[in-house]
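Notes for the one structure printed next.
Atoms considered below: every heavy atom in the structure, side chains included; atoms not considered: hydrogens, waters and symmetry mates. When a ligand or atom number is given, it counts from 1 through the structure's own listing order.
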Amino acid sequence: MDTKRKILVTGGAGYIGSHTCIELLESGYDVVVVDNLINSHPESLKRVEKITGRSLNFLKIDIRDRDALKKAFSENNFQAVIHFAGLKAVGESCQQPLNYYDNNVNGTLVLTEVMADAGVRELVFSSSATVYGDPHTVPITEDFPLSATNPYGRSKLMIEEILRDISISDKLSANENPWRIALLRYFNPVGAHPSGLIGEDPNGIPNNLMPYISQVAVGKLQQLSVFGNDYPTPDGTGVRDYIHVVDLAKGHLKALQTLQGEKFSQGGCEAYNLGTGNGYSVLEMVDTFSKVTGKKVEYQIVSRRPGDIAQCFADPGKAQQELQWQTEKTLQDMVSDAWRWQENNPSGFQ
Ligand code: NAD
Ligand code: UFG
């Protein structure tokens, strides 16, 4: 194996990272995962190895630990970094803003400084549709105005701006090894690997819709609270662009390939929406879940959740064209895979 095909995956033990490790290993890349396990379990990586029949290298490191990160770079010849590591709970970010800025923004600063010193300037970053704030219309294209309504979203926005700035600085210094950066703006990742061996394993009561519905269906939670049915949407409930986590994971491989290609030969920093382009309401999700799994999902309508927007779905045209990527999984796949994971692992990785 050519060592130039070795990828550092920060946050690789987490939900999206572990699914991406599978795609990387199955495509012949070597993988080193750096994760402090603050929101994940090392069992996820054991299962990645079981699914792929390949091994990966796991380093329990906090990305803010500069010396440990430097050592990882000196011991490995990385082609690129896929950077998932970060905290992601919107509500928690309002209670602990400094923790979120330190973990997400400072963590990315340390990572990019270590990368630059090591001469590794190829980066795929986990951004979020949250950077569009409350979009004035849908579908959303990458050139929509950016804004944030909470510290989590602001941390993503700040990181995007920092990464754009370091890419611009290359042009001023005529850097011969310029930064090549893909900012992947995920819409709503759901589902699980079809093996049922890995999936989303939220801590405590889930904040997000799909894990909440799954836990109601499996009997761990009593009923779903639907946050508002008076939005200006077809049935009044919030509309989102749910994307299967395996499709999302594959988008990262397409981004890596694109960063190696002609488009980025002079360097650059580009944002891409990773969504399906379809919006589904909360009630449509509940209905599909019941039909696919045969489980009744009890719910009640309650008031709107502060900070929620009416609808959010992507125009994925740029990713389709430039990354040669498009989603393949259906909403039924998302639901049946999420359910297989939930049913087989009612307590997650514990
Ligand atoms: P996750 O919490 O499952 O994975 C993140 C991983 O990063 C975890 O394994 C955690 O232990 C690790 N981590 C956190 N801080 C770290 C640090 N300082 N050093 C080392 N490791 C650290 O989350 P996920 O859903 O897989 O999300 C991955 C990325 O995608 C995050 O950056 C998140 O903000 C972003 N994102 C997620 C969603 C979503 O809905 N899941 C949507 C948009 C963007
Ligand atoms: N919802 C409910 N009940 C619940 C949970 C959610 O009705 O118990 C509704 C929400 O009101 C929303 C929809 O289901 O209309 C989806 O909610 P999620 O919490 O699953 O997802 P969000 O779109 O609110 O947020 C997600 C991520 C954020 C990210 C955002 C934009 O959780 O981190 O997408 O990318 F910022």
Next on the checklist: Within ligand 1, which atoms have a heavy atom of Asp35 less than 4.0 Å away?
Outcome noted: 6 (C), 7 (O), 8 (C), 9 (O), 10 (C), 11 (O), 12 (C), 20 (C), 21 (N)
Next on the checklist: What I want to find out is whether Arg340 reaches Asp337 closely enough, with some N-O distance under 4.0 Å, to be called a salt bridge.
Outcome noted: yes
Item to check | Any Trp179 side-chain heavy atom under 4.5 Å of Met115 side chain | outcome: yes
Checklist entry - Near Arg305, which atoms of ligand 2 are under 4.0 Å from a heavy atom of that residue? => result 10 (C), 17 (O), 18 (P), 19 (O), 24 (O)
Item to check | Tyr280 contact mode with ligand 2 (heavy-atom cut-off under 4.0 Å) | outcome: neither
Next on the checklist: Looking at every heavy atom in both Arg154 and Thr149, which two are closest together, and how far apart are they?
Outcome noted: NH2-C, 4.3 Å
Checklist entry - What residue and heavy atom of the protein are closest to atom 5 (C) of ligand 1, and at what distance? => result Gly86 O, 3.9 Å
Item to check | atom 13 (N) of ligand 1 - nearest protein heavy atom and its distance | outcome: Asn36 OD1, 3.4 Å
Checklist entry - By number and element, which atoms of ligand 2 are closer than 4.0 Å to a non-hydrogen atom of Tyr186? => result 35 (O)
Item to check | Contact atoms of ligand 1, heavy-atom distance to Ser128 under 4.0 Å | outcome: 43 (C), 44 (C)
Checklist entry - Just going by heavy-atom distances, which of Ile16, Val9, Asn208 is nearest to atom 26 (O) of ligand 1? => result Ile16
Next on the checklist: Is there a polar contact, in the sense of an N or O pair closer than 3.5 Å, between Ile63 and ligand 1?
Outcome noted: yes
Checklist entry - For ligand 2, which atoms, with element, lie under 4.0 Å from some heavy atom of Val226? => result 7 (O)
Next on the checklist: I'd like to know whether Asn273 forms a side-chain hydrogen bond (donor to acceptor under 3.5 Å, both in side chains) with Asp315, so could you lay out the CA-CA distance, the side-chain angles of the two residues, the decisive distance to 0.1 Å, and finally the verdict.
Outcome noted: CA-CA 7 Å; Asn273 286 343; Asp315 177 340; over 6 Å; no
Checklist entry - Out of Val282, Leu283, Ile205, Ile301, who gets a non-hydrogen atom closest to atom 14 (O) of ligand 2? => result Val282
Next on the checklist: Considering non-hydrogen atoms of the protein only, which is the closest contact for atom 34 (O) of ligand 1, and what is the distance?
Outcome noted: Tyr152 OH, 2.8 Å
Next on the checklist: Suppose I only count heavy atoms of Asn207 and a 4.0 Å limit; which atoms of ligand 2 are within that range?
Outcome noted: 5 (C), 19 (O)
Checklist entry - So if you build clusters from Ile, Leu, Val, Met, Phe, Trp, Tyr with side-chain heavy-atom gaps below 4.5 Å, do Trp339 and Trp341 land together? => result no
Checklist entry - So, does Asn177 use its side chain to make a donor-acceptor pair with the main chain of Gly119 at under 3.5 Å? => result yes
Checklist entry - Does some non-hydrogen atom of Asp201 fall short of 4.0 Å from ligand 1? => result no
Checklist outcome for this item: Within 4.0 Å of some non-hydrogen atom of Ser127, the atoms of ligand 1 are 43 (C), 44 (C)
Checklist entry - In terms of residue, atom name and distance, what is the protein heavy atom nearest to atom 26 (C) of ligand 2? => result Asn188 ND2, 3.7 Å
Checklist entry - In terms of atom number and element, which parts of ligand 2 are under 4.0 angstrom from non-hydrogen atoms of Thr130? => result 31 (C), 35 (O), 36 (F)
Checklist outcome for this item: Ranked by distance from atom 4 (O) of ligand 1, the top protein heavy atom is Gly14 CA, 3.5 Å
Checklist entry - Between Asn103 and ligand 1, which part of the residue brings a heavy atom under 4.0 Å of the ligand: side chain, backbone, both or neither? => result side chain
Next on the checklist: Does only the side chain of Ala89 get under 4.0 Å from ligand 2, or the backbone, or both, or neither? Count heavy atoms.
Outcome noted: neither
Next on the checklist: Residue-level breakdown please: for Ala129 versus ligand 1, do any non-hydrogen atoms fall below 4.0 Å on the side chain, on the backbone, on both, or on neither?
Outcome noted: neither
Next on the checklist: Quick test of your reading of the model: are Glu160 and Lys156 salt-bridged, counting only N-O distances below 4.0 Å?
Outcome noted: no
Checklist entry - Under 4.0 Å from any heavy atom of Tyr152, which atoms of ligand 2 are there? => result 33 (O), 36 (F)
Next on the checklist: Would you say Arg240 and Asn208 are linked by a side-chain donor-acceptor pair, where the criterion is simply a distance under 3.5 Å?
Outcome noted: no
Checklist outcome for this item: Note: ligand 1 atoms sitting under 4.0 Å from heavy atoms of Ser40 are 8 (C), 9 (O), 11 (O)
Next on the checklist: According to a hydrophobic-cluster definition based on side-chain heavy atoms being under 4.5 Å apart (Ile, Leu, Val, Met, Phe, Trp, Tyr only), do Leu253 and Phe264 belong together?
Outcome noted: yes
Checklist entry - Distance from His19 atom NE2 to His193 atom NE2, nearest 0.5 Å? => result 6.5 Å
Item to check | Element-labelled atoms of ligand 2 that are located less than 4.0 Å from some non-hydrogen atom of Asp308 | outcome: 10 (C), 11 (O), 24 (O)
Item to check | For atom 31 (C) of ligand 1, the protein heavy atom that lies nearest, with its residue and separation | outcome: Phe84 O, 3.2 Å
Next on the checklist: Heavy-atom contact check, 4.0 Å cutoff: does Pro189 meet ligand 1?
Outcome noted: yes
Item to check | Residue portion contacting ligand 1 (non-hydrogen atoms closer than 4.0 Å) for Lys156 | outcome: side chain
Checklist outcome for this item: Min over Ser128, Gly153, Gly228 of heavy-atom distance to atom 29 (C) of ligand 2 lands on Ser128
Item to check | Heteroatom distance test (Phe227, ligand 2): nitrogen or oxygen, under 3.5 angstrom | outcome: yes
Next on the checklist: Please evaluate residues Thr276 and Tyr242 with respect to the criterion side-chain hydrogen bond (donor to acceptor under 3.5 Å, both in side chains), reporting the C-alpha separation (whole Å), side-chain torsions for both, the decisive distance (0.1 Å), and the verdict.
Outcome noted: CA-CA 7 Å; Thr276 64; Tyr242 298 94; over 6 Å; no
Item to check | ligand 2 contact on Leu224 by region, counting heavy-atom pairs under 4.0 Å | outcome: side chain
Checklist entry - So how far is it from Ile159 CD1 to Ser126 OG, rounded to the nearest 0.5 Å? => result 9.5 Å
Item to check | Ile38: numbered ligand 1 atoms lying under 4.0 Å from its heavy atoms | outcome: 10 (C), 11 (O), 13 (N), 14 (C), 15 (N)
Item to check | Over 12 foreign heavy atoms within 6.0 Å of NZ, Lys71 | outcome: no
Next on the checklist: Please list, in number order, the atoms of ligand 1 under 4.0 Å from a heavy atom of Ser126.
Outcome noted: 29 (C), 30 (O), 32 (O), 35 (C)
Checklist outcome for this item: For Ile61, the atoms of ligand 1 under 4.0 Å from one of its heavy atoms are 19 (N), 20 (C)
Next on the checklist: Does Lys318 have more than 12 heavy atoms from other residues, nucleotides or ligands lying within 6.0 Å of its NZ?
Outcome noted: yes
Next on the checklist: Can you confirm whether Glu75 is buried at CD, in the sense that more than 12 heavy atoms of other residues, nucleotides or ligands lie under 6.0 Å from that atom?
Outcome noted: yes
Checklist entry - From Asn103 CG over to Tyr152 OH, what is the distance, rounded to the nearest 0.5 angstrom? => result 12.0 Å
Item to check | Lys291/Asp287 ion pair, N-O < 4.0 Å | outcome: yes
Item to check | Residues, nucleotides or ligands: over 12 heavy atoms within 6.0 Å of Gln332 CD | outcome: yes
Checklist entry - Which heavy atom of the protein is the closest neighbour of atom 27 (C) of ligand 2, given with residue, atom name and distance? => result Asn208 ND2, 3.9 Å
Checklist outcome for this item: Per ring pair (Phe, Tyr, Trp, His ring centres under 6.0 Å), His252 is matched among Phe125, Tyr186, Tyr29 by Tyr186
Next on the checklist: Pairs of nitrogen or oxygen atoms closer than 3.5 Å, one from Ala13 and one from ligand 1: do any exist?
Outcome noted: no
Checklist entry - Can you list the atoms of ligand 1 that are under 4.0 Å from a heavy atom of Leu37? => result 11 (O)
Checklist outcome for this item: of all protein heavy atoms, closest to atom 28 (C) of ligand 2 is Val90 CG2, 4.3 Å
Checklist entry - Should Glu270 and Glu142 be marked as a side-chain contact (heavy atoms from CB on, under 4.5 Å) after you check the CA-CA gap, both sets of side-chain angles, and the distance that decides it? => result CA-CA 9 Å; Glu270 286 287 335; Glu142 287 81 354; over 6 Å; no
